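Note sheet for the following structure.
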There are 2 protein chains.
Amino acid sequence: MKISELSDQTGVSIATLKFYLREGLLRPGTLTAPNQADYGESHVRRARLVRALREVAHLSIAQIAAITGALDRGEELYDVMGVTVDSLGERPAAFTPAQEAAAAEVDRLLATLGLPAREESLARQQLVVSFEAVREMLFPGLPVEALVPYARAAEDVVRAEVAATPGIFSVDPEQVLERAVLGLTLFEPILLAFRRLTHEKLVVDHLEGTAPPEAGPD
Amino acid sequence: MKISELSDQTGVSIATLKFYLREGLLRPGTLTAPNQADYGESHVRRARLVRALREVAHLSIAQIAAITGALDRGEELYDVMGVTVDSLGERPAAFTPAQEAAAAEVDRLLATLGLPAREESLARQQLVVSFEAVREMLFPGLPVEALVPYARAAEDVVRAEVAATPGIFSVDPEQVLERAVLGLTLFEPILLAFRRLTHEKLVVDHLEGTAPPEAGPD
DNA sequence: GGATATTGGACAGTGACACTATCCGATAGT
DNA sequence: ACTATCGGATAGTGTCACTGTCCAATATCC
């Protein structure tokens, strides 16, 4: 398969495919001549993966490069997941004192929840930054325990995901990693969309006089 | 308060504040002279809101402008929430046929869940796009019902949020809207971070041979 | 076998984005 | 009086994700 066919099958323009090749998101095809390369099914899957990561999960090229790099280096599932989780987060930047304090509390919570908390985990970092922002702007003095419902909700969806994919760990190993990456990223927008819609519904309900029980008579 | 003080109190550079003024994210201060303006507490809050939306929620200036615009126009909570929910989503772009089909199913699901599904809702759009991507790349033929756990999880967290903020609808009306926007956006990264950490834990557990049963004793 | 199209690869250019810098004449503070 | 800072307008910067152009070397069609 040459690049024009790869382009046809994936809907990605040749110019963009070349760009991905340059950036290392796509492995070079096997050269059959100085100016003739051959691409296979794995290239098609990879190109689609990159597009999904760009358009659905909104990752940057650099973030995707980190993931495909781990994939191409043949790393273990654990490492690929770690890299992917980190790719979804943001650049470090040192914590402010307030964030340091929040970090300590967050770590404590994560420990009681039995969640991993690699020091450099960007998910942990994101948790700290957001939690601190919430405390500063929305609920001063909010205890970390207030985050437990979010952890529970996350646990519930992950449990549902596992239940829905019984064979996940026993499929073609070449594709397990890709699928894990896709599963991790593609469902994020779904979860957020439902939360947003639920918030909207909440307001609608309120305006219709169906004030939630807890809330005052306003 | 003049612009330099506003800058000091918010940590936003004068150049950036001027940029926000130009873009309409920040209302102009009251002029006391052709080149002297006075800013107040609401400007401090607004500048902080903009920063939180940029740095924590990762919204673009255009998305933030849509939100602050609704805020400044004095729109009702319902409209502000709608605008905010939409700001969190992405550009429309016409649906592909496959997405149209997915949209019909998603709408059916939303109806049974009692969630609002404004045709132009970007949350709905995001749901459709992501669901279709999942079906195309991960689980061909996946029924929409598979999304129910996500809706349930979202409902759970929103319920917890409402329970945690009893007086939400009966506070200073000027700030209710700002707080609603912050609540909607600031907790998103938290929910996602927990899901990512839970996925990581899942893999660790698996590697240790502790294949997750239905519900662990935890 | 000769004309035309396409290829892989290198490199320059583009448009959007979020600032950042510079300049201006007017005013504030000392 | 004189320096610093002001608001406002305009231009410039760096990054990002492509996109376009050029090249000599094939491939393809007649």
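Keep in mind the model is a prediction, meaning the values are calculated, not measured. To find a chain, count down the sequence lines: A is the first, B the second, and so on, and within it residues start at 1.
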Would you give me the side-chain donor-acceptor pairs under 3.5 Å for residues 132-147 of chain B, sequence neighbours excluded?
from	atom 1	to	atom 2	distance (Å)
Arg135(B)	NH1	Glu105(B)	OE2	3.0
Arg135(B)	NH1	Leu142(B)	O	3.2
Arg135(B)	NH2	Glu105(B)	OE2	3.0

Looking at residues at least two apart in the chain, or sitting in another chain, which of them share a salt bridge (charged side-chain N to carboxylate O under 4.0 Å, His left out) with [X]?
{"X": "Arg51(A)", "value": "Glu55(A)"}
{"X": "Arg46(B)", "value": "Asp72(B)"}
{"X": "Asp156(B)", "value": "none"}
{"X": "Glu75(B)", "value": "Arg73(B)"}

Exercise for review: Only pairs at least two apart or in different chains count here, so list each ring-ring contact (aromatic ring centres under 6.0 Å, His included) that has a residue in residues 45-67 of chain B.
Suggested key: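 Not a single pair qualifies under ring-ring contact (aromatic ring centres under 6.0 Å, His included).
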Exercise for review: Return each pair, listed once, that meets ring-ring contact (aromatic ring centres under 6.0 Å, His included) where at least one residue sits in residues 12-38 of chain B; pairs must be two or more places apart or across chains.
Suggested key: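 Qualifying pairs, neighbours excluded: none.
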Side-chain donor-acceptor pairs under 3.5 Å in residues 184-199 of chain B, sequence neighbours left out?
from	atom 1	to	atom 2	distance (Å)
Thr185(B)	OG1	Val181(B)	O	2.9
Thr185(B)	OG1	Leu182(B)	O	3.3
Glu188(B)	OE1	Arg196(A)	NH2	2.8
Glu188(B)	OE2	Arg196(A)	NE	2.6
Glu188(B)	OE2	Arg196(A)	NH2	3.3
Arg195(B)	NE	Glu161(A)	OE2	3.1
Arg195(B)	NH1	Leu184(A)	O	2.7
Arg195(B)	NH2	Glu161(A)	OE1	3.4
Arg195(B)	NH2	Glu161(A)	OE2	3.0
Arg195(B)	NH2	Gly183(A)	O	2.9
Arg195(B)	NH2	His199(B)	NE2	3.3
Arg196(B)	NE	Glu188(A)	OE2	2.6
Arg196(B)	NH1	Leu88(A)	O	3.4
Arg196(B)	NH1	Gln126(A)	OE1	3.3
Arg196(B)	NH2	Glu188(A)	OE1	2.7
Arg196(B)	NH2	Glu188(A)	OE2	3.3
Thr198(B)	OG1	Phe194(B)	O	2.6
His199(B)	NE2	Glu161(A)	OE1	2.7

Polar atom pairs between nucleotides 11-16 of chain C and protein, under 3.5 Å, N or O only, would you list them?
from	atom 1	to	atom 2	distance (Å)
dC11(C)	N4	Arg22(A)	NH1	3.2

Check your understanding: Taking five pairs at each end of the helix from dG1(C)-dC30(D) to dT30(C)-dA1(D), what angle separates the two helix axes (nearest 10°)?
Key ->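 Taking the rotation axis at each end, their angle is 0°.
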**Study point:** Positions of residues 48-59 of chain A (non-hydrogen atom under 4.0 Å from DNA chain D), listed by number
**Key:**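 Listed by number, they are Arg51(A), Arg54(A).
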Point to revise | Sugar-phosphate or base contact per nucleotide [nucleotides 25-30 of chain C; S, B, -; heavy atom under 4.0 Å] | key: BBSS--
